[in-house]
Amino acid sequence: MSPAMQDETDTEQTSGNWSWWPSWRPTSMSLLKIAEAKILACIQNDIWSRFVTLPNQNRIWTLKITNKSAHKHKDEGAQTPLVMIHGFGGGVGLWIRNLDALSHSRPVYAVDLLGFGRSSRPSFPSDALLAEEQFVTSIEQWRQSLGLERMILLGHSLGGYLATSYTIQYPERVSHLILVDAWGFPEQPQPQLEGSGGQGSEVKRVSPPRWVKALASVFSLFNPLAVFRAAGPWGPGLVSRFRPDFKRKFEDLFDDDTMMRYIYHCNAQKPSGEVGFKAMSESIGWAKRPMVQRVHLLPPSMPVSLLYGALSWVDPSTGKTVVQIRGKSPTSVTLIEDASHHVYADQPEEFNRVVESICNTVD
């Protein structure tokens, strides 16, 4: 086995000074592993799961899904792989409705971002640029460790922001950039005086859900997910209270709290990726370095597809702005009806159809 790839049975990483927390906080990397294993048991295709070790010894938890019948067709192995990057507070398990379908004709990789899920949880700088660079560098080192020459790169929410930053820096490695309800693109609007009129009378977007507002209320004082850790044994119930939608999204797959436990254990560990996210954020909804100011740095020939949930709190008009900025460059915007921010879970069949169609334009 390559030293860069370690089996999942390797010793779980400790949390340093956080080792006393389990007595108060009912979580551990082992419990996260158990919750994830129950989710991944739903996958029908072949699954390869490993920690990929980076040069600095940080580890990225990685899944590779391949079609069982692909072994019989050598040409399918040459298809450009799809790499999927989750959003803030997420992990590979949230793609459970998508991995089988999207691996029909090409290998699919899903990773836990550095500082999230089962990946290493290093310290992050408080500077927005340096924090972003740490995320992006980890993605590139992961790619190098696996020897992937090119990929179709898909990112959701925070993952979309980082996927765009990565593609700006390493465009030769990306065949197509797919952004799903991407966070951090628009500039924060300046307050307007009442009666200023203008376009304000147009259709109003769905306001951020309660859990976003709750996190925003303590955002400036604490790390975004501190409330779930501080709640101790009440943490899992708090996740269920703030995110009841997640249980509904997966209720036909699990008749218990599997997904809620998974989300809790993903986010009750030592704060790491969320520290990097906080460094990059003005608040929950806005980036200190809005990506709309940098999309012109993408190569003109780079195909970019933006997907939005029609019911999401992320404004899809930003997609139109990206189209305008890129001019004649290949850029498309797709609105998926009856889907909120988690498009891939709300309307998985339509999401999978759209993404597979995009991937088929590559090869």
Side-chain angles (χ1 to χ4, degrees), residues 83-91 94-95 111-117 124 128-129 131-136 138-139 153-168 177-189 205-216 219-220 223-225 242-243 245-246 263 266-267 272-295 298 304-322 325 333-336 339-346 351:
V83 175
M84 307 179 75
I85 302 178
H86 64 78
F88 176 76
L94 296 185
W95 301 116
V111 300
D112 282 347
L113 275 169
L114 184 69
F116 290 102
F124 273 80
L129 176 60
E132 179 182 330
E133 191 61 30
Q134 185 167 336
F135 279 121
V136 171
S138 71
I139 296 172
L153 187 57
L154 181 152
H156 170 252
S157 197
L158 169 63
Y161 181 92
L162 296 174
T164 306
S165 180
Y166 175 89
T167 305
I168 289 171
L177 177 62
I178 306 175
L179 306 175
V180 183
D181 238 51
W183 170 86
F185 270 65
E187 297 173 323
Q188 187 166 4
R205 289 294 297 166
V206 178
S207 63
R210 183 177 61 173
W211 69 272
V212 172
K213 294 178 179 178
L215 291 182
F219 189 81
S220 61
N223 289 320
L225 300 170
F242 279 109
R243 300 309 310 271
D245 57 311
F246 260 101
I263 293 168
C266 274
N267 293 300
S272 172
E274 68 185 272
V275 176
F277 174 73
K278 184 170 186 279
M280 294 158 53
S281 308
E282 291 286 4
S283 66
I284 289 288
W286 309 100
K288 288 180 180 177
R289 306 179 68 237
M291 194 57 68
V292 75
Q293 299 175 352
R294 286 182 277 161
V295 289
L298 289 167
V304 178
S305 297
L306 300 104
L307 279 60
Y308 293 93
L311 304 179
S312 175
W313 53 275
V314 175
D315 190 347
S317 67
T318 305
K320 298 178 182 178
T321 302
V322 173
I325 292 173
V333 179
T334 302
L335 202 63
I336 296 185
S340 65
H341 183 52
H342 295 273
V343 187
Y344 56 89
D346 287 330
F351 174 85

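Keep in mind that what you see is a predicted model, and the values were worked out from it rather than measured. Just the heavy atoms: all of them, side chains too, but no hydrogens, waters or symmetry mates, feed the values below.
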**Student:** Tell me the closest heavy-atom pair linking Gly309 and Val343, and the distance in Å.
**Tutor:** N-CG2, 3.6 Å
**Student:** Grab the two heavy atoms, one from Ala182 and one from Val314, that are nearest each other, plus how far apart they are.
**Tutor:** O-CG1, 3.8 Å
**Student:** What I'd like to find out is whether the side chain of His156 reaches to under 4.5 Å of the side chain of Leu94, using heavy atoms alone.
**Tutor:** no
**Student:** Could you tell me which non-hydrogen atom of His86 sits nearest to which non-hydrogen atom of Asp112, and how far apart they are?
**Tutor:** NE2-CA, 3.5 Å
**Student:** For the residue pair Ser157 and Gly87, what are the closest heavy atoms and their distance?
**Tutor:** CB-CA, 4.0 Å
**Student:** Drop me the distance from Leu179's CG to Leu154's CG, to the nearest 0.5 angstrom.
**Tutor:** 8.0 Å
**Student:** Under the side-chain contact (heavy atoms from CB on, under 4.5 Å) rule, what do Phe88 and Phe116 come out as? Steps first, then yes or no, please.
**Tutor:** CA-CA 8 Å; Phe88 176 76; Phe116 290 102; 3.8 Å; yes
**Student:** Phe351 vs Tyr344 aromatic rings, parallel, tilted or perpendicular, using cut-offs 30° and 60°?
**Tutor:** perpendicular
**Student:** Is there a side-chain contact between Ile85 and Phe135 (heavy atoms, below 4.5 Å)?
**Tutor:** no
**Student:** Applying the ring pair (Phe, Tyr, Trp, His ring centres under 6.0 Å) test to Trp183, which of Phe277, Tyr308, Trp286 qualifies?
**Tutor:** Phe277
**Student:** When rounded to the nearest 0.5 angstrom, what is the spacing between CD1 in Ile168 and CE in Met291?
**Tutor:** 5.5 Å
**Student:** Hey, are the side chains of Tyr161 and Glu132 touching, using non-hydrogen atoms and a 4.5 Å cut-off?
**Tutor:** yes
**Student:** Just jot down the ring-ring contact (aromatic ring centres under 6.0 Å, His included) partners of Phe185, sequence neighbours excluded, or say none.
**Tutor:** none
**Student:** Is there side-chain contact between Leu162 and Leu113, with heavy atoms separated by less than 4.5 Å?
**Tutor:** yes
**Student:** How many angstroms lie between OG1 in Thr164 and CG in Leu177, if you round to the nearest 0.5 Å?
**Tutor:** 4.5 Å
**Student:** Could you measure the distance from the OG1 atom of Thr167 to the CZ atom of Arg294? Nearest 0.5 Å is fine.
**Tutor:** 12.0 Å
**Student:** What is the distance from atom CG of Leu114 to atom CD of Gln134, rounded to the nearest 0.5 Å?
**Tutor:** 6.0 Å
**Student:** Nearest 0.5 Å, please: how far is CD1 in Ile336 from OG in Ser312?
**Tutor:** 11.0 Å
**Student:** Taking all heavy atoms of Pro186 and all of Pro290, pick out the closest pair and write down the distance.
**Tutor:** O-CB, 3.6 Å
**Student:** If every non-hydrogen atom of Ser281 is compared with every non-hydrogen atom of Lys288, which pair is closest and at what distance?
**Tutor:** O-CE, 3.2 Å
